[in-house]
Amino acid sequence: MSTPATRTLAPRLSAALAIFVVMAAVPPLALALDDPFLMVIASRMLVFAIAALSLDLILGYGAMVSFGHAAYLGIGAYAVALGARWGVTDLLAQILLGMGMSAAFATVTGAISLRTRGVYFIMITLAFAQMAYFFFVAQSSLGGDDGVALQARSTLLGLPLEGDQTLYYTILGALVAIYAGLYRLTLSRFGRVLKGTRENALRMQAIGYRPFRYQLVAYVIAACLCSVAGVLLANLTEYVSPAYMSWHRSGELIVMLVFGGIGTLTGAVAGALVAVGLEELLAVFSEHWRLGFGLILVLVVLFSPDGLTGLMRRLGLRAPGLRNDGEGRGDD
Amino acid sequence: MTDLLEVRDLRKNFGALAVTDGVDMRVAEGELHAVIGPNGAGKTTLIAQLSGQLAPDSGRVIYAGRDITRADMAARVEAGLARSFQITALLPGMTVLENVALAVQARSGSSFRFWRDAGSEEITNAQARMALDEVGLADRAGALASALSHGEQRQLELAVALATKPRLLLLDEPLAGTGGAEAERLIALMQRLKKRLTLVLIEHDMDAVFQLADRISVLVYGRIVASGPPAAVRADPAVRAAYLGEEEGA
Amino acid sequence: MFNLFLLQLLNGAQFGILLFLVAAGLTLVFGIMDFINLAHGVLYMVGAYLMATFAGMTGSYWFGLALALPATLVFGLVLEFLVFRRLYDRSHLDQVLATFGLILMLSEGVKILWGSAPLNVDMPALLSGSVPLAGPLQYPVYRIAVIAAGLASAVGLWALINHTRAGMLLRAGASNRPMVAALGVDISRLFMLVFAGGAMLAGFAGAIVAPILSVDPGMGESILILTFVVIVIGGVGSIRGAFLAAILVGVVDTVGRTFGPIWLRMVMDPAAASQTGRMVAPMLVYLLMAAVLFWSPTGLFGRKGAK
C-alpha cells in the first residue's frame, strides 16, 4: 500500500516513540537530580496521556465532542477503592472491574447520547458525567464528597507496586500498550468506518453502514481505556475522590487533546504532556494559575482561527502528530 | 419483464407543500428508467424516499417483491438498492481508494475488526480498484478525494455506488456540473451499466436522457404526469405543455 | 405530611423559576446561533456578586438590585463584544474550549476580587418574615417574592416574544436561522439583543437568590449544568419548553431529596431507605433527562431533526 495516508504514518509513529523513550529516561534522571517531584509530574503526565488518548478515539476519530469523559477516569479510580474493599487488590483485576463498570455506564448513557447531535450531545454527556459524580458524592461509605484514602497500592501479579519507579514503568507500559492498540484500531476496518462517519455520516449510510453501532462501540472502548487511566491515577495518588470526575476534568481532557492536535493519537500524548506541564508551571508562579490558563485558552482559540494546532503550525512548532495531512484532519 | 421496483401512491408533505403527491411508478428489471421534470418537481425528494433517507408520509415502496417502505438505508443497500448523490457526498479526507474500499468492506464481512490493517486487505482493494477501473479513475486511486476535479468526483461518486454491488442503482443527476468529454465518458459508462443493472436516472440533460432511457416518467409538482417509452413521452401533449416546451434543448 | 409536601413543592417551584431565568437566554442563544456557551452560569454568579457588593456599599437591598442589574448587563455585553461574537462561526469544539477558558478565568478572577469565602446579602425589611399558608404552615415572604418576580419575568418574556417584532424574529430565528438571515435582518444585532437580555435575566436570578443562598465562586457552575438539563429536556430554542422543564427539574430535584427517602421507607427498611434515597435523589433530574431523551431525542419542544 502506498496511499498518502500510510506514508505519513511513519513520522507520527516515530514522534510517539521518541516521547516514550524520553519519558522512560525520567526516573533515572529524577534519581540523579534527586528531585522526586519530577517523578510525580511525569507520572501525572503519563496517566493523563492515557485519558487523552482514549478521548481522541471518540472526539478526534469519531467527531463526538464528549464533555463527560472524566466520568470514566473517576469510575476507574473507584474500581480500585471498591476492589480493595472486596479483597481484589490485583491491578489487572481492578482494571477489569473498572472496565466492566465503565462499559456498563457507557453503553447505557452512550446509547442515549448518540441519539442526539451537536450541542445536545455536548450537554448530555456533561450531564451524565455529573450524574456519575453525584452518585459517588452520595456514597458515604466511600467518603462521599471528601473521597477515601487507599490503604495500599494495588498488586501486580502478586507483587506489590511498591516504589515510585515500579508504578511509573507500569503506567508507561500501559500507555505504550494502549497507544499501540489504538494505533492498530485506527488503521483497521473499524477505524476506517469510524473515520468515514466523521467525514460524512450520510454517505456511510448510503453505502450500507449504520453509524450508530460503530459510534457506540467506539464510545464504550474509549470509556474502558479511560478507566485504565483512572485505576492508575488512584494508585498514583493513593486516594480516590469524586473530584476526579468533575466536569472541569472533562474540560481539561479536551484541552489536552486540542493542545496536541486531535485525531492523531500522538497529538493526544503530546498535548497531555504539554497541558500538565503548563499547569504545573503556572502553579509555580501563582495559586491563581487558572486565570492564566483560562486566558491562554481564550486567546488561542480567538486568535488562531484553526485552533491550537494551527497556531503551533504557524509558530513553526511542528509538535509531533500535528502534520496537516489527510490522516490528521481535526476540524469538523 | 417483471418489476424490480414498484412505488404505490407515495406521499410526502413539507408543511403545507405536497412534494410527493401520490406517485405511482414501476421500474422493470433491467431497464433504464429516467425521471425528468422541471426544477422543484420533487425528484430528489423522491430519490430520498426510495433510498430510505427520508420516510414517506404514506404509500408503499416495493423492491424485489418485498415491502421496504420502513427499511433503513443500510438495509436497502444490503438488498442491492444503492444511490448516488446529486451534490457530491464523498469522504474528503480519505483517499479515492479508501472511499471505494469502504463501500466494498460494507458488503464483505464484519467491520467490527479492530486489529488488522484494512489498507492491506488485498481482496477488498482489488474489488475497489475494479470499480475505479470501471469509471476510469484507476490512476487516481492514491489521491485524496478532496483533491479531485469536479468531473472526477462525479466519477468517484459512481464508483462508490457500484462498489456496493447494486442490483438497482438510483442516480441523482450524475451529469450535474459536467460538460464535454467528462459528460461523454459518464454517458458511455451508463450505456455499459444498463446492460447489467437496473437504473433509475434523474437527469436534466435531455439529450442524454433520450439517448439512454428505455422508459421515462415525467414528474411535475410531485405527480407523475406521463410515463412510457421516450418517443411516446416526447409526443405527449401534457408533457410538452408542462415541461419539454420550455426546456427542450437544455 | 401534606404541609411538608406543599412546602417542598413551593421550594421546588422557586428553584425552578431561578433555573428558568438562567435557561431562558441560554436556550435562545443555542437555538438561534447554534452556539454552545458554557460561560452563561458565570453571569448568574457575577449578578450575585455585584448584588452583594452594591447592596453592601449602599446599605440597601433595593439600591443594590438597581445597580447590579445594569452592571450585569454591561458585563454581559462586554463579554459578547470581546469574546462571543468571534465564536459564532466556529466549530462547537472551539466554542467549548473558549467558553471553558472563560469560566476558568472568571471564576478565578472572582476569587481574587472577592475571596473564596461565601458572602451574604441581607434581606430587605419589606420582604422578610413569613406569612401563614395553610393552617399552621408558614412560608417566607422573600421566597414568595422570588416566585412572583420570576413569574413576572416569564410573562414579560412571553409578551415580548409573542407580541413584538423582535420577538417574532426570535421565534423565526430559533426554528429557522437561514430564513431570518434571508429576510435581511441583521443577525448579529439580533443576537446581541438576545444575549444582553439573557445576561440580565441570569444576573437577575443571581441577584435575587443572593439573600437566600450564600454567594460563592462555585455557584455559577452548579446551576449551569442543571440549566443544561433544563434546556435539553425542554428542547433547544424553546422558551415554553425551558419554562416547563425548569419547573419540572426544580420540583423533582427539591421534592425528590426530601421525599425520596420517605417514599422508599414504604417499600424497604428505614436505614436502607435513607441510604438509597440519598443516593438516588441527586441523580433524579438526570434520570428524568435520560427518560425524556429516550422518548424524544430533541426534548419536549425541540424541533425535529435539530442539530
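Chain identifiers are assigned alphabetically (A, B, ...) following the order of the sequence lines, protein sequences preceding nucleic acid strands; residue numbering begins at 1 within each chain. Keep in mind that what you see is a predicted model, and the values were worked out from it rather than measured.
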Which bit of [X] comes within less than 4.5 Å of chain C, counting heavy atoms only: side chain, backbone, both or neither?
{"X": "Ile112(A)", "result": "side chain"}
{"X": "Ser140(A)", "result": "side chain"}
{"X": "Tyr133(A)", "result": "neither"}

Return the orientation label for the [X] and [Y] ring planes: parallel under 30°, perpendicular over 60°, tilted otherwise.
{"X": "Phe30(C)", "Y": "Phe228(C)", "value": "tilted"}
{"X": "Phe100(C)", "Y": "Trp247(A)", "value": "perpendicular"}
{"X": "Phe84(C)", "Y": "Phe195(C)", "value": "tilted"}

Can you tell me which of Ser141(A), Ala127(A), Ala132(A) forms the most heavy-atom pairs within a distance under 4.5 Å of chain C?
Ala127(A)
When Val108(A), Thr109(A), Ile122(A) are compared by non-hydrogen pairs under 4.5 Å with chain C, the top option:
Ile122(A)
For Asp253(C), all residues meeting salt bridge (Lys or Arg N to Asp or Glu O under 4.0 Å), sequence neighbours excluded
Arg257(C)
Please classify the contact of [X] with chain A as side chain, backbone, both or neither, using a heavy-atom distance under 4.5 Å.
{"X": "Val229(C)", "value": "side chain"}
{"X": "Ile36(C)", "value": "both"}
{"X": "Leu82(C)", "value": "backbone"}
{"X": "Leu87(C)", "value": "side chain"}

Residues in residues 284-294 of chain C near chain A [non-hydrogen atoms, under 4.5 Å]:
Tyr286(C), Leu287(C), Met289(C), Ala290(C), Leu293(C), Phe294(C)
For side chain to side chain donor-acceptor pair (under 3.5 Å), just list the numbers for Gln8(C) and Thr258(C), CA-CA rounded to whole Å, side-chain angles, deciding distance to a tenth of an Å, and then say yes or no.
CA-CA 8 Å; Gln8(C) 291 304 325; Thr258(C) 318; 3.3 Å; yes
Which one of Leu102(C), Leu106(C), Val280(C), Leu104(C) has the most heavy-atom pairs closer than 4.5 Å to chain A?
Leu104(C)
With a 3.5 Å cut-off and sequence neighbours excluded, list the donor-acceptor pairs that the side chains of residues 248-263 of chain A form with protein atoms.
from	atom 1	to	atom 2	distance (Å)
His248(A)	NE2	Glu221(C)	OE1	2.9
His248(A)	NE2	Glu221(C)	OE2	3.2
Arg249(A)	NH1	Glu252(A)	OE1	3.4
Ser250(A)	OG	His69(A)	N	3.4
Ser250(A)	OG	Ala70(A)	N	3.1

Could you tell me if the side chain of [Y] sits less than 4.5 Å from the side chain of [X], heavy atoms only?
{"X": "Leu59(A)", "Y": "Met64(A)", "value": "no"}
{"X": "Tyr244(A)", "Y": "Phe136(A)", "value": "no"}
{"X": "Val119(A)", "Y": "His92(C)", "value": "yes"}

In a table with atom names and distances, give each donor-acceptor pair under 3.5 Å that connects a side chain of residues 282-300 of chain A to protein atoms at least two apart or in another chain.
from	atom 1	to	atom 2	distance (Å)
Ser286(A)	OG	His288(A)	N	2.8
His288(A)	ND1	Glu108(C)	OE2	2.8

Thr27(C) side-chain N/O to Ala24(C) backbone N/O, donor-acceptor pair under 3.5 Å:
no
